[in-house]
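Just so we're on the same page: letters track the sequence lines, and every chain starts at 1. It should be emphasised that the depicted structure is a prediction, and the values quoted were computed from it without experimental measurement. Hydrogens, waters and symmetry mates play no part in the numbers below; they use all other heavy atoms, side chains included.
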4 protein chains.
Amino acid sequence: MRSKQQAATDLNARRRHGRADRERALVRAAIKLFASHGYEATTTREIAAYAGCSEGLIHRYFKSKEGLLRAVMSSHTSQRMLELAEHLPVSDSLEEEMRQPMYWEVNRMWQDRNFLRVALQRAMLDPKIARSVRHLGPARLAKVIADRLRNYQNPLGLDDDDIEAASNAVSALCFVFGFLRPAVLGYDRKETKQVAENAAKIIARGLAPAKRPLTAQRT
Amino acid sequence: MRSKQQAATDLNARRRHGRADRERALVRAAIKLFASHGYEATTTREIAAYAGCSEGLIHRYFKSKEGLLRAVMSSHTSQRMLELAEHLPVSDSLEEEMRQPMYWEVNRMWQDRNFLRVALQRAMLDPKIARSVRHLGPARLAKVIADRLRNYQNPLGLDDDDIEAASNAVSALCFVFGFLRPAVLGYDRKETKQVAENAAKIIARGLAPAKRPLTAQRT
Amino acid sequence: MRSKQQAATDLNARRRHGRADRERALVRAAIKLFASHGYEATTTREIAAYAGCSEGLIHRYFKSKEGLLRAVMSSHTSQRMLELAEHLPVSDSLEEEMRQPMYWEVNRMWQDRNFLRVALQRAMLDPKIARSVRHLGPARLAKVIADRLRNYQNPLGLDDDDIEAASNAVSALCFVFGFLRPAVLGYDRKETKQVAENAAKIIARGLAPAKRPLTAQRT
Amino acid sequence: MRSKQQAATDLNARRRHGRADRERALVRAAIKLFASHGYEATTTREIAAYAGCSEGLIHRYFKSKEGLLRAVMSSHTSQRMLELAEHLPVSDSLEEEMRQPMYWEVNRMWQDRNFLRVALQRAMLDPKIARSVRHLGPARLAKVIADRLRNYQNPLGLDDDDIEAASNAVSALCFVFGFLRPAVLGYDRKETKQVAENAAKIIARGLAPAKRPLTAQRT
DNA sequence: GATGAATGAGCCTTCATTCAT
DNA sequence: AATGAATGAAGGCTCATTCAT
């Protein structure tokens with residue numbers, strides 16, 4: 001037989017669980033609708049309807065429409081940080097060191113394209129959001145790549161500015177070919193991925209121009 | 001003494017001029033305000049006040065707020081097309097062939113940053129605008145660069161896929177380092193320009209990797 | 001102690017009641033204001049204020065100002081149809097057969113004068129409303145009177161065209177003396193009623209000219 | 001050779017003529033458009049376009065939109081007063097005494113239906129207009145008929161209340177069958193005219209029911 | 001806690017009126 | 001005197017937010 005207290009705990013758990021579910025549903029609905037119609041043009045009623053719950057909940061859970069937007073923004077920024085570095089195996093060529101994170105990131109951007117649309121929209125209007133996007137977005141990938149290249153640096157003697165430039169360039173290419181072109185401008189996704197890959201190769205070649213080809217070909 | 005006809009012409013000219021001035025003022029105000037607050041959050045009153053004329057004029061000239069947006073969109077798309085190719089001198093190195101259009105474009109993007117914010121905003125919400133941005137935006141620069149590289153191709157024997165990838169990569173870098181990072185995410189502009197330039201160098205090197213070293217070795 | 005179900009029922013009832021009350025209040029306010037200022041010149045704000053509720057409710061309940069007008073139009077047209085025929089007792093003289101419906105109708109028109117003003121206004125501007133007014137308005141009363149006269153026809157041998165003309169004439173007199181003159185043109189109501197009654201007598205006499213005088217003389 | 005003064009006079013005449021023409025055109029346009037769309041829903045721009053002149057003229061000539069309405073109202077009320085009585089020949093039967101003015105009036109109402117629509121619209125909204133319509137409208141015809149009947153009275157010994165009732169009834173029938181039913185409610189015009197005529201006959205018969213038969217019997 | 005009906009501030013738009021030419 | 005471009009007040013309608021149930 002369960003104690004009263006335990007029953008209450010269960011109830012709270014259920015409640016909290018119910019609440020967490022609804023919150024997630026609302027955030028997901030908001031991402032979807034903000035992404036396609038824009039934040040301003042999306043009504044709280046639409047969001048509630050899409051999430052399958054009542055309009056008032058938005059204000060209970062998130063205080064306001066803007067609060068929901070804040071929840072949307074923090075829903076993705078927190079967890080994605082660490083995923084990248086951990087999931088990537090070390091590879092044995094410079095080209096692979098660039099291609100692998102790029103591949104991973106291009107796919108992630110496609111998955112998160114709705115969130116990215118919202119984030120980009122708002123970053124253009126709100127400097128505060130712009131700042132957080134700046135730290136969590138391009139810098140993240142560039143840092144990971146730069147670290148990898150630096151690990152590669154010693155034997156090859158890569159220039160530090162070159163590492164900086166190359167890693168940031170790859171980060172930029174991920175954004176453009178992984179998100180902007182296919183998800184916003186309607187480019188064919190396979191083609192953009194291919195172009196991105198080719199571009200990565202060229203950059204890798206440019207980073208250590210004499211290295212691979214010469215040694216490889218000469219031997 | 002002025003003839004009647006001339007007076008009438010002057011009158012028409014003045015009137016048309018007055019109207020054209022006001023239209024331009026409204027379009028400029030709209031670009032500025034749409035860019036900073038977003039299209040939806042900008043009220044027609046604000047636009048009229050910022051442009052220094054009455055609200056009704058927006059509807060007289062542009063039919064509706066959306067009509068003003070259309071005017072905004074076509075205000076930049078029409079003329080910029082041809083400017084790029086014509087203003088650039090031919091240069092004697094591959095690196096220069098890439099750096100020059102990039103330099104030109106990065107500066108242009110900074111000048112047009114407000115317009116670009118509006119265009120990007122709307123492209124994310126309206127597939128029709130997305131399509132026109134796609135054709136007038138990235139494709140334009142990539143084409144110019146690709147043509148230049150192709151002129152360079154014969155003596156060097158550049159691969160066609162490489163040209164495609166490199167020119168599109170440079171186009172992407174222009175967007176990110178010329179607009180997105182400095183104008184949206186608040187990066188320092190000089191730094192982004194430097195990174196862009198370095199990246200262009202790397203790409204140029206990567207495009208013709210055997211070039212400098214090989215010729216050097218050949219001699 | 002009331003059961004949960006009953007409480008819920010009460011709640012629904014109260015809610016539905018509350019809504020029905022507000023709807024009626026809005027429709028009544030609209031009739032009153034449309035009648036005195038005209039449909040176009042009446043603002044939704046005025047209507048809401050007069051009805052004692054908020055402006056947004058008009059659009060929630062009736063979709064638009066025009067929707068409220070439609071509600072106004074159907075608020076009276078539906079129920080009045082059958083009332084007339086059923087409430088009138090059969091009488092024993094031709095004159096009474098005409099006077100009774102006329103009396104009933106003249107009073108009804110006065111009661112509904114505001115609605116009639118709105119209906120007449122809109123019928124002049126909207127052929128669709130004109131059509132419905134035509135079927136529900138003059139035709140209704142004329143039909144009732146004609147039926148009564150036809151029941152009287154056999155013993156008297158009334159001409160069918162005469163019945164048609166007389167019943168339509170009475171219907172017209174009701175409109176003019178029951179509504180137009182007192183409610184629109186500001187005639188004294190008692191006088192117009194008296195004139196209507198006298199006119200009805202004349203028509204009754206004209207319908208069966210030899211009838212009454214002859215029988216009167218026979219006694 | 002014409003003197004300077006005469007030339008100026010001609011010019012004034014032409015000018016005044018031009019102005020009078022334009023005024024008439026504006027009034028006619030206003031009647032047409034007020035009648036079909038209503039006063040409020042008709043824009044001054046539409047009126048000016050329909051009349052073929054500029055919008056500003058309305059305010060120059062009539063001071064305001066309402067001033068144009070006043071001009072519309074007085075454009076018909078002044079001249080129609082006297083026409084009726086003068087154009088009708090004396091007839092030799094009671095029935096003809098009623099049918100002739102009715103015929104005349106029913107046709108006139110059809111011709112003036114647009115003006116009548118405007119007048120009726122405004123009379124419902126503005127007591128001042130209602131009063132003038134009341135004096136110029138129903139009273140006019142009723143008076144003419146009553147006078148005619150009174151001329152007929154002496155030999156027949158008609159009751160004064162009957163004359164009052166009958167003439168007002170005919171006036172009412174003219175309005176309903178000459179204007180309201182055909183021009184507002186969309187009834188077939190020929191049918192309404194026929195019904196009106198038949199009703200007039202019945203009233204004539206009712207006015208002097210015993211006349212033909214009774215006098216025959218009395219002798 | 002959850003609901004959704006009610007609120008009202010504020011938007012886009014229209015249009016009578018003014019005024020410079 | 002005539003034009004029609006410019007004005008700005010006010011209307012219908014939407015929608016984030018509140019609150020009674």
Side-chain angles (χ1 to χ4, degrees), chain A residues 11-12 14-16 18-19 22 40-49 53-68, chain B residues 7-8 10-12 14-16 18-19 22 40-49 53-68, chain C residues 7-8 10-12 14-16 18-19 22 40-49 53-68, chain D residues 11 15-16 18-19 22 40-49 53-68:
Chain A
L11 206 83
N12 283 341
R14 184 134 47 96
R15 251 184 214 155
R16 205 168 50 235
R19 163 156 182 165
R22 287 172 202 273
E40 304 275 356
T42 303
T43 69
T44 52
R45 191 167 308 189
E46 283 173 313
I47 298 169
C53 56
S54 78
E55 211 179 343
L57 276 191
I58 291 174
H59 296 89
R60 169 172 292 276
Y61 291 166
F62 305 104
K63 185 79 177 176
S64 69
K65 190 187 180 186
E66 202 198 323
L68 175 56
Chain B
D10 286 355
L11 212 107
N12 285 338
R14 185 121 47 97
R15 243 181 220 159
R16 202 170 52 238
R19 162 151 188 173
R22 284 168 200 274
E40 306 273 358
T42 304
T43 71
T44 52
R45 261 197 259 287
E46 285 173 313
I47 298 169
C53 58
S54 78
E55 210 178 347
L57 269 193
I58 291 175
H59 299 90
R60 165 179 276 273
Y61 289 166
F62 306 104
K63 189 81 179 171
S64 67
K65 190 187 180 186
E66 202 198 324
L68 175 56
Chain C
D10 286 355
L11 210 108
N12 285 339
R14 185 124 48 99
R15 245 181 219 161
R16 204 170 50 238
R19 164 153 185 170
R22 285 168 198 274
E40 306 273 359
T42 304
T43 71
T44 52
R45 266 195 255 287
E46 285 174 314
I47 298 170
C53 57
S54 77
E55 206 179 351
L57 227 46
I58 291 174
H59 300 92
R60 166 179 276 274
Y61 288 165
F62 305 104
K63 188 80 180 174
S64 67
K65 191 188 179 187
E66 202 197 324
L68 175 55
Chain D
L11 208 84
R15 250 183 215 155
R16 207 167 49 237
R19 164 155 182 168
R22 286 172 204 274
E40 304 274 358
T42 304
T43 69
T44 52
R45 192 167 307 193
E46 283 174 312
I47 297 169
C53 56
S54 78
E55 212 179 344
L57 275 192
I58 291 174
H59 297 88
R60 170 173 291 275
Y61 290 166
F62 306 105
K63 183 80 178 172
S64 69
K65 192 187 181 187
E66 203 198 325
L68 174 56

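In this structure, NZ of C:Lys65 is placed 8 Å from P of F:dC13, rounded to the nearest angstrom.
When all heavy atoms of A:Ala41 and A:Glu46 are compared, the closest pair comes out as O-OE1, 3.8 Å. Closest approach of B:Ser54 to B:Ala48, counting heavy atoms only: C-CB, 3.7 Å. Residues C:Ser64 and C:His59 come closest through the heavy atom pair CA-CD2, 3.8 Å.
Contacts with DNA chain F (heavy atom under 4.0 Å) in residues 56-63 of chain C: C:His59, listed by number. Within residues 40-48 of chain A, no residue has any heavy atom under 4.0 Å from DNA chain E.
Distance check: A:Ile47 CD1 to A:Leu68 CG gives 5.0 Å after rounding to the nearest 0.5 Å. Atoms NZ and CD, on C:Lys65 and C:Glu55 in that order, are 10.5 Å from each other to the nearest 0.5 Å. How far OG1 of C:Thr44 is from CZ of C:Phe62: 13.0 Å, rounded to the nearest 0.5 Å.
Side-chain contact between D:Leu57 and D:Arg60 is present, with at least one heavy-atom pair separated by less than 4.5 Å.
With hydrogens and angles ignored, a donor-acceptor pair under 3.5 angstrom links the side chain of C:Glu55 to the base of F:dC13.
Consecutive pairing runs in DNA chain F reach the stem threshold at E:2-21 with F:2-21, where a stem means at least three Watson-Crick or G-U wobble pairs with distances under 3.5 Å.
Proximity of B:Arg22 to the phosphate of F:dA6: a side-chain N or O atom is located under 4.0 Å from OP1 or OP2.
Residue whose closest nucleotide on DNA chain F sits further toward the 5' end, between B:Cys53 and C:Glu66: B:Cys53.
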